[in-house]
Amino acid sequence: MFSLDSLTVSQREAVEHKDGALLVIAGPGSGKTRVITSRIVRLIEKGVRPYNICAITFTNKAAEEMRERVRAMGVPPGTQVSTFHSLCVRILRQYAEAAGIDPNFSIYSDADQKKCVKDAIAGVDASSDNFQPAKVLNVISNLKNDLIMPEDFKKTANDYYQKMVAKIYNRYQDMMHTNNALDFDDLLVKTAMLLRDYPEIREQLSERFKYLLVDEYQDTNRAQYQIAKGIAIAHGNICVTGDPDQSIYRWRGADIKNILAFEQDWPHAKIVKLEENFRSSPRILELADKLIANNKQRKEKRLIPTIKASRDISCNVYDDERGEAGAIADEILSLIAAGADPNDIAILYRTNSMSRSIEEAFVKKNVPYIIVRGVEFYNRKEIRDMVAYLKLISNPADNVALDRIINTPARGIGETSIKRLELYAAEKGISMLHAAGQAQTIDSLKAAATKIKEFANMIDGFAKAAVPGCSVGKLLADVYEKSGMHTALITSKESQEDAMGNIEELINSAALYDQSAEEPSLFDYLQTISLYSDSDAYDPDSGKVSLMTLHAAKGLEFENAFVIGLEDGILPHERSAENEKELEEERRLFFVGITRAKMGLYISRVLNRTIRGQMFRSMPSKFLYETGLVSGLERTPAPQMDNGFSRYAPGGAGAGRVYGRSVELQMKDPKSQDSQVYKVGRASTFAASLPKINVTAGSFKKGDAVRHPKHGAGVVKEYLNLGANSVITVGFDNGQTKTLIQKSSELEKIEQ
DNA sequence: GTGAATCATCTTTTT
DNA sequence: GATGATTCAC
């Protein structure tokens, strides 16, 4: 299947390790992912069934790539490769009864959670001034990450604040239960509890997952740790990989101890260190090493370069973020002119808002770019509305979803009516949707009763259509029309073109889901989009420069990386500067940023940064002093390139290539769509104001005879005209019915 | 019950 | 500088 020859001695050691626990401590760029995939393949070669292997990655994207790689290496399908969260959804659905939930549970996003916490705060008569929803939610999340249940917390809570939080927490969990909903933390907690409390389930899962591999183990929290341990304890075939120096999620409960104490958990564990780095230039590694050496809480680890060549590291100061962004844009244009691939360039920053100045400069200077921010699309109002319909259809108990859409679009059901409906439902102990079905028998409702009943009928109608195996794209398209959302957007006074475009995009992607998912279902679709993350939106072949947070850059690499905003208060962030542990995490974050670069590393800071509309004077980040990047500049004024970039070479004069010459750049085709960057995954009004592609209207209609290159001839069963995003349901002659998107399917009309 | 206008609060990072 | 909550006129 594959050859071990191409691996280093230590890599091979890890790949070849037989049964039992294995800890792979792997520095950045050490080929860790390759080791895991090779190990999966090797296990299968040795006779392990693919079905008995479970690999856990940090993001869905990483899972997808790993599945792809393993498949490319000739492994038959069946291996479970997913994130902890997706795995938990699967387990909880299978053992829903034991977990005490309905298998059609909703997964609540942070917005949904926030609403519940607010209601819970109000429900225990606490003031939201003293108990800020965001903070309380944070406390609750931390408790869950540590597997502390409401009743446990109640016992230990001793001051007033804690006692109130305990009450809120309890109430919150009750509400989640009535709504048949789980939040992100619940997915882990419930699974951990399931494994703890049901030995027979634990046994079944150990039997199923005979080999467990966990990547990025340094970022697992207590619940994830318990889950991994629960599955593996029976056989001890657990392989974890990670780098304590790249732990950047302490703030959300990740416990670096999980990896540091692995040897105690599994006394016979084999430990392999991968210290060679196949990614970055020696100079970059030298800088990274110098930085991370300032962390006290760490195990010494070396970064051994294997690449010989280095380029100078650039470190620059600008007046403000506009200067920074403009210079970066210029530098990137010269890089591209000199042959660099935009795919292999990234801008990395501490906070999402920092993308804005870069975006503005890139639009102005025609630098092709994409912001890696997947969740933003799903956070838009109109998308959340549409998704709320789906959630309610899938899970009738979801009162939060109902609350969102019962009057969206406006159908004359006001606040008071909703309150009365809620009250009635609570008294009867039924869901609000159920109550809405009997609206006409509820005396308090009066005039709104008919409208509420109509709403309930509509949802019931959708639910009847949402049979197993139905097309989610078609269901969404149906909801869009029949709910009145579409009409409401068309007739709205302000132009709602963006909103409509986004919904079309959603229907479009749902139809794509229908075609590509292994086992498409409404529940599966909802869980996919609920667990969709920022990093999942990263496309290595977009042909554009990627803009993303340092957190989202985890696990990626780029020929040229720009790490911006090296200022005190930004990196390290002011809210993390208070204690040493948080400061060390910020340092690791910068370490992650530095080690994303293969050859070109550009670090920058500004003197004046505008935050939330207010300008602040800023000082250099302390990390710049620690690495000598600032004092180095001060001793010998760095040469200014004519594009504003100066060079810094640690350890003496570098032989780095100077490519700062101004090069006249012409975009290959000014009309090409690549130079217009926007839309998917971007919600800011700024991006929304950018030009749109004009799409040609479709020309299909029901009954048209069509031909598809893959599926052959067929007849159009349904057609929803959304321009190029039009959704077409075709009954093919081979018996299959497919829902396709006009622009992405090569569907041809056959003239008869 | 609706919609526009104003106020306030917030953002550090995310599965 | 954007979102959500609140207020007010209809």
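Within every chain, numbering begins at 1; the chains are lettered A, B, ... in the order of the sequence lines, protein sequences first and strands thereafter.
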Asker: Please tell me whether R587(A) and N294(A) have a donor and an acceptor in their side chains that are separated by less than 3.5 angstrom.
Answerer: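 No donor-acceptor contact under 3.5 Å links the two side chains.
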
Asker: So, is K118(A) close to the dA5(C) phosphate, meaning a side-chain N or O under 4.0 Å from OP1 or OP2?
Answerer: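 For dA5(C), OP1 or OP2 has a side-chain N or O of K118(A) closer than 4.0 Å.
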
Asker: What is the separation between atom CZ on R356(A) and atom P on dG1(C), rounded to the nearest whole Å?
Answerer: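 Spelled out: CZ on R356(A) to P on dG1(C) is 7 Å.
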
Asker: Give every residue pair that meets the side-chain hydrogen bond (donor to acceptor under 3.5 Å, both in side chains) criterion with at least one member in residues 414-423 of chain A, sequence neighbours excluded.
Answerer: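 Pairs touching residues 414-423 of chain A that pass the test: none.
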
Asker: Any side-chain heavy atom of I328(A) within less than 4.5 Å of one from S604(A)?
Answerer: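 Yes. Closest side-chain heavy atoms under 4.5 Å.
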
Asker: Check nucleotides 13-15 of chain B against the protein and report each pair of N or O atoms closer than 3.5 Å, with its distance, or say if there are none.
Answerer:
residue, atom, partner, partner atom, Å
dT13(B), OP1, N352(A), N, 3.2
dT13(B), OP1, N352(A), ND2, 2.9
dT13(B), O4', R350(A), NH2, 3.2
dT13(B), N1, R350(A), NH2, 3.4
dT13(B), O2, W251(A), NE1, 3.4
dT13(B), O2, R350(A), NH2, 2.4
dT14(B), OP1, T549(A), OG1, 3.0
dT14(B), OP2, N352(A), ND2, 3.4
dT15(B), OP1, S533(A), OG, 3.0
dT15(B), OP1, S535(A), OG, 3.3
dT15(B), O4', R252(A), NH1, 3.4
dT15(B), O3', H85(A), ND1, 3.2
dT15(B), O2, H85(A), NE2, 3.2

Asker: Send over the distance from Q614(A) CD to dT9(B) P, rounded to a whole Å.
Answerer: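 Result: 16 Å.
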
Asker: Only counting residues at least two apart or in another chain, list the ones meeting salt bridge (Lys or Arg N to Asp or Glu O under 4.0 Å) with E557(A).
Answerer: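 Applying salt bridge (Lys or Arg N to Asp or Glu O under 4.0 Å) to E557(A) gives R279(A), K598(A).
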
Asker: May I have the distance from D385(A) (atom CG) to dG4(C) (atom C1'), rounded to whole angstrom?
Answerer: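 Answer to the nearest Å: 14 Å.
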
Asker: Distances under 3.5 Å only, N/O to N/O: pair up the protein atoms with those of nucleotides 8-10 of chain C.
Answerer:
none

Asker: Could you name each residue pair satisfying ring pair (Phe, Tyr, Trp, His ring centres under 6.0 Å) that touches residues 398-417 of chain A, not counting sequence neighbours?
Answerer: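 Non-adjacent pairs meeting ring pair (Phe, Tyr, Trp, His ring centres under 6.0 Å): zero.
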
Asker: Tell me what R384(A) touches on the nucleic acid: a base, only sugar-phosphate, or nothing, going by heavy atoms under 4.0 Å.
Answerer: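 Here R384(A) touches the backbone only, sparing every base.
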
Asker: Tell me every residue that passes side chain to side chain donor-acceptor pair (under 3.5 Å) with D110(A), counting only those two or more places apart in sequence or in another chain.
Answerer: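 With sequence neighbours excluded, D110(A) shows a side chain to side chain donor-acceptor pair (under 3.5 Å) to no residue whatsoever.
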
Asker: Quick one: list whatever passes side chain to side chain donor-acceptor pair (under 3.5 Å) with Y525(A), sequence neighbours left out.
Answerer: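 So Y525(A) forms no side chain to side chain donor-acceptor pair (under 3.5 Å) with any residue.
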
Asker: Do other residues, nucleotides or ligands put more than 12 heavy atoms under 6.0 Å from M149(A) CE?
Answerer: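 Check passes, neighbour count above 12.
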
Asker: According to ring pair (Phe, Tyr, Trp, His ring centres under 6.0 Å), who are the partners of Y532(A), at least two apart in sequence or on a separate chain?
Answerer: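 Checked Y532(A) against ring pair (Phe, Tyr, Trp, His ring centres under 6.0 Å); matches are Y378(A).
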
Asker: Taking only residues two or more places apart in sequence, or in another chain, which ones meet R617(A) in a side chain to side chain donor-acceptor pair (under 3.5 Å)?
Answerer: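 Applying side chain to side chain donor-acceptor pair (under 3.5 Å) to R617(A) gives N608(A).
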
Asker: Ignoring backbone atoms, establish whether R575(A) has a side-chain N or O less than 4.0 Å from OP1 or OP2 of dT12(B).
Answerer: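 For dT12(B), OP1/OP2 do have a side-chain N/O of R575(A) under 4.0 Å.
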
Asker: Please tabulate, one pair per line, each protein N/O and nucleotide N/O from nucleotides 2-8 of chain B that are separated by under 3.5 Å, including the distance.
Answerer:
residue, atom, partner, partner atom, Å
dT2(B), OP1, G412(A), N, 2.8
dT2(B), OP2, N407(A), ND2, 3.1

Asker: Not counting sequence neighbours, which residues clear side chain to side chain donor-acceptor pair (under 3.5 Å) with Y108(A)? List them please.
Answerer: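 Partners of Y108(A) under the side chain to side chain donor-acceptor pair (under 3.5 Å) test: D398(A).
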
Asker: Just checking K114(A): base, sugar-phosphate only, or nothing, at a heavy-atom cut-off of under 4.0 Å?
Answerer: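 Contact class for K114(A): none.
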
Asker: Check the distance between dT11(B)'s C1' and H573(A)'s NE2 and give it to me in whole angstrom.
Answerer: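 Those two atoms, NE2 and C1', are 8 Å apart.
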
Asker: Report the distance from atom CG of L583(A) to atom P of dT12(B), rounded to the nearest whole Å.
Answerer: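 Those two atoms, CG and P, are 17 Å apart.
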
Asker: Please set out all donor-acceptor pairs under 3.5 angstrom arising from side-chain atoms of residues 111-118 of chain A, sequence neighbours excluded.
Answerer:
residue, atom, partner, partner atom, Å
D112(A), OD2, S109(A), N, 3.2
D112(A), OD2, S109(A), OG, 3.2
D112(A), OD2, K391(A), NZ, 3.0
K115(A), NZ, D119(A), OD2, 3.1

Asker: Between atom CD in E321(A) and atom C1' in dG1(C), what is the gap in whole Å?
Answerer: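 After rounding, the reported distance stands at 13 Å.
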
Asker: Measure from CD on E567(A) to C1' on dT12(B) and round the result to the nearest Å.
Answerer: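 These atoms are roughly 15 Å apart.
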
Asker: Atom CD1 of I570(A) and atom P of dT12(B): how far apart are they, to the nearest Å?
Answerer: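 So the two atoms are 10 Å apart, to the nearest Å.
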
